[in-house]
Amino acid sequence: MDPIRPRSARPRWWSAAAVGLAAVLLTPPALAKAAPVAVRPNPVTTAVAGPADGFASVAALGQNGTTGGAGGPTVTVTTTAQFLDHIARPGPYVIQVAGTINLPAGSSDGMHNVASDKTIIGLGADATLSGGGLNIGVPVDDDVTAPPTNAVHNIIIRNLHLTGASDDLINVQMFSHHVWIDHNEFSNGDDGAVDIKRGSDFVTVSWNHFHDHDKTLLLGHDEDAGPQDIGRLRVTYHHNFFDRSDQRNPRVRFSALAHVYNNYYYDNSYGVASTYDAAVLMENNYFYSVNNPGRVDFSGDLGRIVARGNILVACNHPIETRGTVPDPRGYYPYQLTPAADVPTAVPAGAGVGKVASTLAGSPNAAPASQPDGFASVAVLGQNGTTGGAGGPVVTATNAADFLDYIDTIGPMVIQVSGVIRISSKQGVRPNKTIIGIGSAEITGGGLDFYRSYNVIVRNINFTAAEDDAINVGQNSHHIWIDHNRFAGAVDGSVDIVRGADYVTVSWNHFDHADKSMLIGHSDGAASTDTGHLKVSIHHNFFDHSRQRHPRVRFGEPVHVYNNYFLGNALYGVASTENAGVLVEGNYFRDVPFPLHSASGYADSGPGRAVQRGNVFVNSGQPETSGTVVEPRTYYPYQLDSATNVPALVTAGAGVGRLT
C-alpha cells in the first residue's frame with residue numbers, strides 16, 4: 001500500500017536524525033508503507049446523509065440538535081450582494097451557493113456575519129467563497145461570561161470551498177452554539193481555517209479537507225479566556241483530512257471536551273495540542289509523517305489527552321497523554337471507523353462534491369437514472385440504452401482487470417475504482433455500463449467503440465489520453481456519455497464519427513480541453529455519415545475548452561441545448577458540410593464566435609444551424625443558416641431557462657454528482 005503522493009519529496013520536519021526514530025514508531029509493522037488512496041466501493045455511505053452528529057446533535061441550550069435553515073425558504077445565490085443579504089436575514093433560510101462568490105474585505109477585515117438558523121450549502125463541487133470569511137457570533141465583549149439571549153445558533157455550512165480569506169475562513173465566537181461544518185474544503189486563509197472560541201459550544205467539524213493552510217483549527221483563543229471558555233468549547237472533529245495543514249489540527253485551550261476521531265493526518269508539523277487543562281480524546285485517527293501527533297506540553301499550562309486506537313506511521317514522536325477526560329458517549333452515540341481504513345475512507349469522502357445538492361426548481365436538477373435524448377430512442381433493435389443492466393456487477397481496480405471486463409461478451413456493469421492507467425484506445429464490447437466509484441480516473445488512453453452498441457459511460461475522470469478519450473465510431477449506436485470530466489486529451493475528448501448514431505452526451509465537464517467534440521471526421525465521409533450522426537448534447541460545461549463544442553459534418557439533427565459555454569477561445573459550435581444543428585437554451589460567456597454555419601469553418605463547406613433562446617454575454621453574434629429537423633420528432637425534452645444554465649450546469653456537471 002502506498003500513501004498519498006506528497007507534493008514534495010520529504011515532509012517539512014524531516015531530518016536525518018528523524019529517520020531512525022520514525023522507523024521505531026511505525027505502528028503497526030504491517031502498515032509500514034501507510035494506506036493507499038484507492039477508493040473502495042461506497043466508502044462513505046453514511047457520510048453525506050442524515051442530520052448533524054457529534055456535539056452539534058446534542059439537545060442543549062434550547063436547541064434540539066442542529067437543523068440550520070430547515071423549514072425556511074430555499075434560495076440560490078450567484079452574486080456577492082445576494083449572498084451577503086441572505087446570510088444576514090432573520091429567520092431560517094437554506095442558501096444554495098452556485099459558482100464563486102467573492103467576499104469583500106471592506107471595514108470588517110473580510111469577515112461577514114451569519115445570522116441564526118441558516119443552512120449555507122454549495123451546489124456541486126465548484127461552489128466557492130473567496131477573499132473573505134464567515135463570522136458566526138455577536139460582537140466581541142470580554143466582559144460577557146455567560147451565553148447572551150441573542151447568541152448566534154443553529155448554523156450548517158456544507159459543500160463549500162473557502163479560500164483566500166484575509167483573516168479567518170470561518171470564525172465561531174461569542175457563545176455561538178449548534179454549528180455543523182461539514183464536507184467543505186479550506187485553503188489559503190490568512191489566519192485560522194475554523195476558529196472556535198469565546199464560549200462557543202456544541203459544534204461538529206466533520207468530513208472537511210484542509211490543505212495549503214497553516215493555522216488550521218483553534219479551539220480557545222487565549223490563555224486569559226477561562227471565564228468565557230471553561231465548561232464550554234465542546235467540539236467534535238471527525239473524518240477530516242489534514243492534508244499538509246501545518247499546525248493546529250486542532251490547538252485546544254480550556255475545552256470541556258474535544259473529541260478528535262477518525263481523522264487522517266498527512267505530513268503535519270503537529271496534530272493536536274491540548275493546553276490549559278483542556279480535555280481531548282483522540283481515537284482511531286491515522287497519522288502519517290506527523291512530527292508531533294499529540295501534545296500536552298505546548299506553550300502554556302498542561303492539557304489532558306487520552307489516546308486510544310490511533311495509528312502512527314513515520315512520525316517523529318508518540319502521542320503525549322495525561323490525565324482523564326469525559327466519555328463522549330455521555331453526550332451522543334457514535335460509531336468508529338477502523339483506524340486502518342481511515343487513509344482510504346477519508347480522502348474518498350472528505351471535502352466538496354460528496355454531498356447530494358441540487359438546484360431548486362429545475363426540471364433537470366437531479367441526475368438522470370436512464371438516458372434521454374437520442375440515446376433513449378427505440379430503434380436499430382434497441383429499446384433505448386440500458387448498458388450492462390442484467391449482467392454481473394464487477395469492480396476494476398487495475399488496468400488488467402478493466403481491459404478484461406470491457407472485452408467480455410455479454411452485459412456487465414463495470415465499476416471503476418481508483419486510477420486505471422491504459423495506453424492508446426481500448427475497445428469496448430456491446431452491453432456495458434462503465435461507472436466510476438468515488439474519484440475514478442482513466443488516464444493515458446481512451447475508450448473505442450467499433451461497431452459497438454448499448455454502452456453507458458458515467459462518473460469517470462478522463463485525463464491525458466494520448467489520442468481520443470472516447471471515440472464512438474464505425475456504426476456504433478445507443479451510447480450514453482454522462483457526468484464525466486475530460487481534461488488533457490491529445491486529440492478529441494469525445495469524437496463521434498463514421499456512421500455512429502443515437503448518442504447522448506450529457507452533464508460532462510470539458511475542463512480546459514482543446515478539441516472537445518468532433519461529429520463527422522472528414523469532409524469526404526458523406527456516403528458514410530449522411531443520415532446518421534444523430535446526437536444530443538445537453539447540460540455540459542465547456543469550461544475554457546478551445547473548440548469543437550461540437551464541430552459537425554453531415555449529422556442531422558445534432559441537438560445542442562442547455563450547455564454552458566465559458567471562455568471558448570476559438571469558437572463554440574460549428575455546423576459544416578450540410579449538417580443540421582439546433583442550438584437552443586445555451587449560455588455563452590466570453591465566446592468570440594458562438595456559432596459558425598453559413599460560411600463553413602476552416603476547409604469545410606457550410607452547414608445549417610438554427611439558434612433560439614440562447615444567452616450571449618460578452619460574446620460574438622451567432623451565424624445561422626437554413627432549417628433543421630426538430631429533435632421532438634425523435635424524443636421529448638424539457639428546456640431549462642438559459643439564464644439558469646451557469647448555476648445549474650456548474651452545480652451538476654462532471655464527476656461526483658451521481659446519487
Checklist entry - In Å, rounded to the nearest 0.5 Å, how long is the span from CG of Leu219 to OG of Ser255? => result 5.0 Å
Next on the checklist: A side-chain contact here means heavy atoms from C-beta on lying under 4.5 Å apart; do Val352 and Asn159 qualify?
Outcome noted: yes
Checklist entry - Can any side-chain N or O of Asn240 pair as donor or acceptor with the backbone N or O of Val205 at less than 3.5 Å? => result yes
Checklist entry - Ring centres of Phe241 and Tyr266 under 6.0 Å apart? => result no
Checklist entry - Is the shortest distance from a Lys or Arg side-chain nitrogen in Arg248 or Asp214 to a carboxylate oxygen in the other one below 4.0 Å? => result no
Checklist entry - Does Asp301 come within less than 4.0 Å of Arg322, counting only side-chain N to carboxylate O? => result no
Checklist outcome for this item: d(Asn484 CG, Ile460 CD1) to nearest 0.5 Å is 6.5 Å
Next on the checklist: Could you check whether Gln96 and Thr74, counting side-chain N and O atoms only, form a donor-acceptor pair closer than 3.5 Å?
Outcome noted: no
Checklist entry - Is there a side-chain contact between Gln173 and Val152 (heavy atoms, below 4.5 Å)? => result no
Next on the checklist: Any donor-acceptor pair under 3.5 Å linking the side-chain atoms of Asn154 with those of Ser116?
Outcome noted: no
Next on the checklist: So Gln82 and Thr76, do their side chains get closer than 4.5 Å, heavy atoms only?
Outcome noted: no
Checklist entry - Atom OG1 of Thr66 and atom CZ of Phe55: how far apart are they, to the nearest 0.5 Å? => result 12.0 Å
Checklist entry - How about Val342 and Asn284: do any of their side-chain heavy atoms sit closer than 4.5 Å? => result no
Next on the checklist: Once rounded to the nearest 0.5 Å, what's the spacing between atom CZ of Arg251 and atom CG of Asp195?
Outcome noted: 11.0 Å
Checklist entry - Would Arg329 count as a cation-pi partner of Tyr334, with NZ or CZ less than 6.0 Å from the six-membered ring centre and within 45° of the ring normal? => result yes
Checklist entry - With distance as the sole test, does Arg253 use its side chain to make a donor-acceptor pair with the main-chain N or O of His221 at under 3.5 Å? => result yes
Item to check | Electrostatic pair Asp277-Arg304, nearest N-O below 4.0 angstrom | outcome: yes
Checklist outcome for this item: side-chain contact (heavy atoms from CB on, under 4.5 Å) filter on Ala256, not counting sequence neighbours, yields Arg234
Checklist outcome for this item: The side-chain contact (heavy atoms from CB on, under 4.5 Å) partners of Thr128 (sequence neighbours excluded) come to Thr100, Ser130, His161, Thr163
Item to check | Inter-residue atom distance Thr79.OG1 - Ile101.CD1, 0.5 Å rounding | outcome: 6.0 Å
Checklist entry - With sequence neighbours left out, what residues match Thr216 under side-chain contact (heavy atoms from CB on, under 4.5 Å)? => result Ala193, Phe210, His213, Phe242, Ser245, Asn249
Checklist entry - Which value, rounded to the nearest 0.5 Å, describes the distance between Glu223 atom CD and Phe254 atom CZ? => result 7.5 Å
Item to check | Donor-acceptor under 3.5 Å (Ser166 side chain, Asp109 main chain) | outcome: yes
Next on the checklist: Looking only at the aromatic ring of each residue, does the gap between the centers of His544 and His512 stay below 6.0 angstrom?
Outcome noted: yes
Item to check | Heavy-atom side-chain contact between Leu281 and Asp327 under 4.5 Å | outcome: no
Checklist entry - Angle class for the His178/Phe202 ring planes (parallel below 30°, perpendicular above 60°, tilted otherwise)? => result parallel
Checklist entry - Where the side chain of Thr78 meets the backbone of Ala98, is there a donor-acceptor pair that is under 3.5 Å apart? => result no
Checklist entry - Counting only N and O atoms by type, is there a donor-acceptor contact under 3.5 Å from the side chain of Thr80 to the main-chain atoms of Asn102? => result yes
Checklist entry - Are the aromatic ring centres of Tyr261 and His238 under 6.0 angstrom apart? => result yes
Checklist entry - Asp229 and Gly199: which non-hydrogen atoms are nearest, and at how many Å? => result OD1-N, 2.7 Å
Checklist entry - Going by atom types alone, do Asn263 and Asn285 pair a side-chain donor with an acceptor below 3.5 Å? => result yes
Item to check | Shortest non-hydrogen separation from Ala127 to Gly122 and the atoms involved | outcome: CB-CA, 3.5 Å
Checklist entry - If we only count heavy atoms from C-beta on, is the Val306 to Glu283 side-chain gap below 4.5 Å? => result no
Checklist entry - Is there side-chain contact between Met174 and Gln228, with heavy atoms separated by less than 4.5 Å? => result yes
Item to check | Validation row: Gln247, Lys215 side chains within 4.5 angstrom (heavy atoms) | outcome: yes
